[in-house]
Each structure stands twice: as C-alpha cells, then as structure tokens.
Asker: 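Take a look at this one; I'll ask things after.
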Amino acid sequence: MKIRVWNMETCEAFGAPLRGHMGCVRCVTITPDGKCIVSGSDDNTIRVWDMQTGEALGAPLQGHTDSIVSVAILSDGNRIVSGSSDQTVRVWDAMTGVTLGSPLHCHTDWFSSIAISRDV
C-alpha cells in the first residue's frame, strides 16, 4: 500500500509514493515540525517517514494486534499515540519507536479517532 503527499497550492503529487505498509493505510498525521509523516495501517503497524526523502525512518512500530485506526503526536513531537481496532491505545517514544508502558485498555469496542490536548 502507498501514501501520497500532495502540494495544496499546485494540486500535484509531491515526490514518489511512500511504500512499505502491507495493508490499507487507515490514518496519517504530520509531526508538529513538519519533517515527518506518521501512518497507521491494517497491517497492525505504525511507520514514520521522512517528509523530504520519503524514506521510512527505522523499523515499523509493532505491538497492536489489529488495525491501527488513529495516530496522533504530542505537540513537542516526542510521543506518538496510536489507537487500534484491538481496543487499545499505545504511547510510543517517537525517537526510539519503543512503546511506553502497558497498552491502555480503555474501550469495550473499537473506536475511530484519537486527539491530544495541546497542554499535555
């Protein structure tokens, strides 16, 4: 599966498609500094991409047992938060890709979105 980045002024694709996920890409966000793209997929992984080169940065983040349906990034760019159809929320160190703490089992059904307060 692939991700396309578009120039909003010209309506043209920017660079080559980002390829690496093995399932449908369900969610995408951009880091606060605009340097990286974070994506989540039906392959149960999260990937971090360099916005300029389109290259994957590091190995896929793994730990969820079902599709990633939402990703968000803290305003300082140091943490990625992901939500999955496995009914869990995970927090990741954005630099190392290591999951921080245990998964949060805060739902009894699937959910579709995560948002983070700017004052966190």
Side-chain angles (χ1 to χ4, degrees):
M1 299 298 143
K2 61 186 175 181
I3 299 168
R4 293 299 316 230
V5 179
W6 297 89
N7 181 315
M8 294 302 292
E9 292 177 4
T10 65
C11 296
E12 293 182 11
F14 175 79
L18 309 180
R19 297 180 188 273
H21 281 295
M22 302 308 288
C24 179
V25 175
R26 295 283 175 192
C27 50
V28 176
T29 192
I30 298 172
T31 57
D33 63 8
K35 294 181 179 179
C36 296
I37 297 169
V38 178
S39 59
S41 169
D42 282 350
D43 64 9
N44 307 347
T45 69
I46 299 157
R47 288 187 175 260
V48 181
W49 310 87
D50 182 290
M51 177 74 89
Q52 291 298 314
T53 67
E55 297 295 320
L57 299 175
L61 283 59
Q62 299 183 38
H64 284 291
T65 59
D66 207 341
S67 299
I68 311 301
V69 295
S70 186
V71 290
I73 302 170
L74 270 66
S75 59
D76 64 7
N78 290 327
R79 301 283 185 267
I80 297 168
V81 180
S82 59
S84 169
S85 294
D86 67 9
Q87 302 172 0
T88 67
V89 172
R90 289 181 179 260
V91 180
W92 310 82
D93 182 298
M95 297 300 291
T96 65
V98 173
T99 188
L100 302 173
S102 298
L104 304 172
H105 296 272
C106 41
H107 292 275
T108 58
D109 203 352
W110 65 275
F111 55 96
S112 61
S113 185
I114 289 180
I116 301 171
S117 172
R118 291 202 177 270
D119 62 356
V120 172

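We're numbering straight along the sequence, starting at 1. Please read these numbers as outputs of a predicted model, since none were measured by experiment.
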Asker: State, with a plain yes or no, whether a side-chain heavy atom of I37 is found less than 4.5 Å away from one of L18.
Answerer: yes
Asker: Contact between I46 and W92 at the side-chain level, heavy atoms closer than 4.5 Å - yes or no?
Answerer: yes
Asker: Between V38 and I73, does the side chain to side chain contact (heavy atoms under 4.5 Å, CB included) criterion hold? Intermediate values first, please.
Answerer: CA-CA 9 Å; V38 178; I73 302 170; 3.6 Å; yes
Asker: Is there a donor in the side chain of N44 and an acceptor in the side chain of H64, or the other way round, less than 3.5 Å apart?
Answerer: no
Asker: Might you work through the side chain to side chain contact (heavy atoms under 4.5 Å, CB included) test for F14 and Q52, ending with a clear yes or no?
Answerer: CA-CA 9 Å; F14 175 79; Q52 291 298 314; 4.1 Å; yes
Asker: Any side-chain heavy atom of V89 within less than 4.5 Å of one from V81?
Answerer: yes
Asker: Side-chain contact test, heavy atoms from C-beta onward, threshold under 4.5 Å: evaluate it for W49 versus K35 and give yes or no.
Answerer: no
Asker: Quick check on the hydrophobic clustering: are V5 and V28 connected, directly or via other members, by side-chain heavy-atom contacts under 4.5 Å?
Answerer: yes
Asker: For a side chain to side chain contact (heavy atoms under 4.5 Å, CB included) check, start with the C-alpha distance between D50 and C36, then their side-chain angles and the critical distance, and finish with the verdict.
Answerer: CA-CA 5 Å; D50 182 290; C36 296; 5.7 Å; no
Asker: Using a strict threshold of under 4.0 Å (side-chain N to carboxylate O), is an ion pair present between R26 and D42?
Answerer: yes
Asker: Do you know the tightest heavy-atom contact between C27 and V71?
Answerer: SG-N, 3.7 Å
Asker: For a quick test of reading the model, state the closest non-hydrogen atom pair linking S82 to I114 and the distance between them.
Answerer: C-CD1, 3.4 Å
